[in-house]
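Have a look at the structure below, then the notes.
As the structure is a prediction and not an experimental result, all values here were calculated from the model. Naming convention: chains lettered A, B, ... in sequence-line order (proteins, then strands); numbering from 1 in each chain.
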Amino acid sequence: MQLHFAKDVLPDSVGTDFQNLNKFNEQCVCVCVCVCVCVCVCAPQTDRFMQQLTEFAGEHGLSAGPLRNLMKSVLLVPQGALKKNLTTEQVKEDLLTLGLNEEKAAHFSSQWGQHYAALSRLAVGQTLMVNQLVDMEWKFGVTVGTSEIQKVGNIFLQLKLVVRKGNSTENVFMELTLPQFYNFLHEMERAKASSAARFGSQPDLLTDAHTLSLQLTGAMATSRAIRPGGGNNEAQRDANRCPPSAGGGGRPNRTEHATRSAPLAESSSREEEWEALAGIPHGTGPSEQVCPGTSLPNRAGEFHRSWCVNTREEEEEEGPN
Amino acid sequence: MAAALSSEDFTNLQLLLKAPSKDAVRDVCVQSHGALNRRLTENTAATFSIPAAQAAQLVQSLHSLSHHVLFHNLTSPDQILAVFPESFHSNLKNLITKILLENSPAWRTEALSHQVSLPQLKELDWRVDLVTGSDSVSRMAVPTCLVQLKMEDPCPSAGGEPVSTVTVELSRESLDTILDGLGRIRDQLAVVAGK
């Protein structure tokens, strides 16, 4: 038996199951197909699958056990078709080869054709991602003073990255100085430009082998990011920006800027803007950090909603059909 | 921490008059700024030919003075000279002031780089890959981005590593969203700077 969706020899039970499927009436088959279509990418959701099967069995007076086995066989087709990117005609041919009658095969394959794009997207979305970034939260502010230095005036940015490790998530916290932040932004823009340049604005989920091989030769773009300037240089520069205060320290006399390895034109003009920052409250004790809340429109940024693209889309797609 | 300076400290500082040379004064001033240890005291005692107890007090007073200057950001000669009492030896006062002024910027930078903070981002590397197949779809062309962040913790907990590395994978949508967020940060920074 030559099948498109599977190269291996299938057990006999599969053929039998498809013959049995012929005995179902039209409505049953429709529901079967719908269940198949929404379940075939939801491998971890076996509970839901079982629940729907049991309901289906109850409604139509069938026993759950044999029905489950039948569904397992039926599921082989869409799973294989998804894997091999089969067309509607190929799916129909396979169903006919397996012994399903013409009418049901046509129905099944037309359903396949309709939902194929969405299913592909879901399957791609389920592709293994290692340490997937789930969320990013940030806040930025000004360091007012420390236990060593009474008045500081450096800008800091704190990031919290939520990374998925297996079934749980891990939080990674880090702090960036202003030049480091601009460098980070710059590098992320380069990464995006690199992926957009190679793969276009809308990635094709399916390409033929020829196009694929062309893409592979230029596919790997890497970057050795310019190290953010060493702590000393930035701190010195930031120190120069310490604002004058009523009581003791005036501005330091140095005006030269330490050189950095990352020549970002953007950042130097930004720093000049920051030189004008005034009104930093006095620090009166050990390390105090104050977000200049009154002048900022939003103190902290949180947009984890837009992050959960893969998981949320899947949840919506999995809705009962 | 900057302890208040007392008259006793200035009495101790007068011990510097026993220094064999100006360089010796400079050395002991610079070394006293950091953590104090017995070796420093012993060396000072030997160099200045003073008892160890006095050397320890001298070093402690120098430490207090340099931290006081750093904490209050005293950057002009007049400001530092004003710290000393009237009766203090004039030339010694000028010498100490000069040494403190010379070293203050470096001390300040060092203090800032060691301040309390979350792990600092030290290095950022990225790579863009094309995923061509997976167990659920055997042919595909989906770009994905791997970002490696190296962070250094200035105050690691006991037994903890100061340098940690995190590698994170981003889909295209994630990368776009991250850029949106970073763009918003940049815009907010610009708004605040403009006010």
Side-chain angles (χ1 to χ4, degrees), chain A residues 83-85 123-124 126-133 136 138 146-151 158 163 172-176 180 184-185 187-188 191-192 194-195 199 203-207 212 215 219 221-225 227 231-232 235-236 239 248-249 252 273-274 287 295-296 301 303 306-307 309, chain B residues 1 70-76 105 108-109 111-113 115-132 134 136-143 145 149 151 166-179 181-182 184-186 188-189 191-195:
Chain A
K83 196 162 173 168
K84 301 245 161 83
N85 303 323
V124 165
Q126 279 199 335
T127 306
L128 172 71
M129 280 193 95
V130 179
N131 286 2
Q132 184 184 11
L133 184 65
M136 181 172 94
W138 50 266
T146 74
S147 48
E148 294 301 313
I149 303 169
Q150 193 181 32
K151 290 185 200 56
Q158 284 175 356
V163 176
V172 178
F173 297 96
M174 68 185 82
E175 193 165 312
L176 285 73
Q180 284 172 337
F184 184 45
L185 175 62
E187 289 302 320
M188 290 293 101
K192 180 178 171 176
S194 171
S195 69
F199 314 121
D204 273 326
L205 295 181
L206 309 167
T207 62
L212 208 57
Q215 284 177 333
T222 66
S223 149
R224 186 87 196 152
R227 311 281 179 278
N232 288 343
Q236 176 136 23
E273 287 170 359
W274 275 103
S287 191
S295 52
L296 279 182
F303 54 99
S306 35
W307 275 113
V309 168
Chain B
M1 281 291 256
L70 182 63
F71 186 78
H72 292 284
N73 196 29
L74 305 179
T75 45
S76 76
R108 188 184 167 91
T109 307
L112 285 172
S113 66
Q115 72 184 355
V116 172
S117 108
L118 291 179
Q120 302 250 329
L121 179 67
K122 285 296 170 207
E123 243 179 76
L124 170 72
D125 291 320
W126 57 266
R127 164 181 127 185
V128 169
D129 290 340
L130 178 68
V131 179
T132 55
S134 77
S136 43
V137 181
S138 53
R139 267 184 11 221
M140 53 201 255
V142 176
C145 180
L149 304 152
M151 293 161 319
V166 172
T167 308
V168 171
E169 189 171 345
L170 308 168
S171 62
R172 276 187 60 140
E173 294 83 13
S174 301
L175 188 55
D176 288 340
T177 313
I178 221 181
L179 277 168
L182 293 178
R184 275 201 259 162
I185 298 174
R186 181 187 51 200
Q188 287 198 13
L189 283 171
V191 163
V192 176
K195 285 192 180 174

Exercise. Tell me, do B:Leu182 and A:Met136 make a side-chain contact under 4.5 Å, heavy atoms counted?
Worked result: yes
Exercise. Under 6.0 Å from the NZ atom of A:Lys83, do we count more than 12 heavy atoms belonging to anything else shown?
Worked result: no
Exercise. With side chains defined as the heavy atoms from C-beta onward, is the minimum distance between A:Gln150 and B:Asn73 less than 4.5 Å?
Worked result: no
Problem set entry | Heavy-atom side-chain contact between A:Val172 and B:Met151 under 4.5 Å | yes
Problem set entry | Pairwise distance CG(B:Leu124) to CD(A:Gln180) - rounded to 0.5 angstrom | 10.0 Å
Exercise. Chain A: which of B:Thr167, B:Leu70, B:Ile185 shares the most heavy-atom pairs with it under 4.5 Å?
Worked result: B:Ile185
For this session: Please check if the side chain of B:Gln115 supplies one atom and the backbone of A:Thr146 the other of a donor-acceptor pair under 3.5 Å.
Result: no
Exercise. Rounded to the nearest 0.5 Å, what separation is found between the CG atom of A:Leu133 and the CG atom of B:Leu170?
Worked result: 5.5 Å
Problem set entry | Pairwise distance SG(B:Cys145) to CE(A:Met188) - rounded to 0.5 angstrom | 5.5 Å
Exercise. Given side chains that start at C-beta, do those of A:Thr127 and B:Val142 come closer than 4.5 Å, heavy atoms only?
Worked result: no
For this session: Against chain B, label A:Leu128 side chain, backbone, both or neither, depending on which of its atoms sit under 4.5 Å from a heavy atom there.
Result: backbone
Exercise. Is there a donor-acceptor contact under 3.5 Å from the side chain of B:Glu169 to the main chain of A:Val130?
Worked result: yes
Problem set entry | Heavy-atom pair of closest approach, residues A:Phe173 and B:Leu118 | CB-CD1, 4.2 Å
Exercise. Between A:Ala123 and B:Ser136, what is the shortest heavy-atom contact and its length?
Worked result: O-OG, 3.6 Å
Exercise. Taking atom OG of A:Ser194 and atom CG of B:Leu175, what is their separation to the nearest 0.5 Å?
Worked result: 10.0 Å
Seminar exercise, completed: Pair count under 4.5 Å, heavy atoms only, with chain A: among B:Ala111, B:Pro119, B:Ser134, highest is B:Pro119
For this session: Rounded to the nearest 0.5 Å, what's the gap from CD on A:Gln158 to OG on B:Ser117? Could you check?
Result: 8.0 Å
Problem set entry | Part of A:Val163 within contact of chain B (heavy atom distance under 4.5 Å) | side chain
Exercise. Which bit of B:Val168 comes within less than 4.5 Å of chain A, counting heavy atoms only: side chain, backbone, both or neither?
Worked result: both
Problem set entry | Distance (rounded to the nearest 0.5 Å) between B:Leu149 CG and A:Phe184 CZ | 6.0 Å
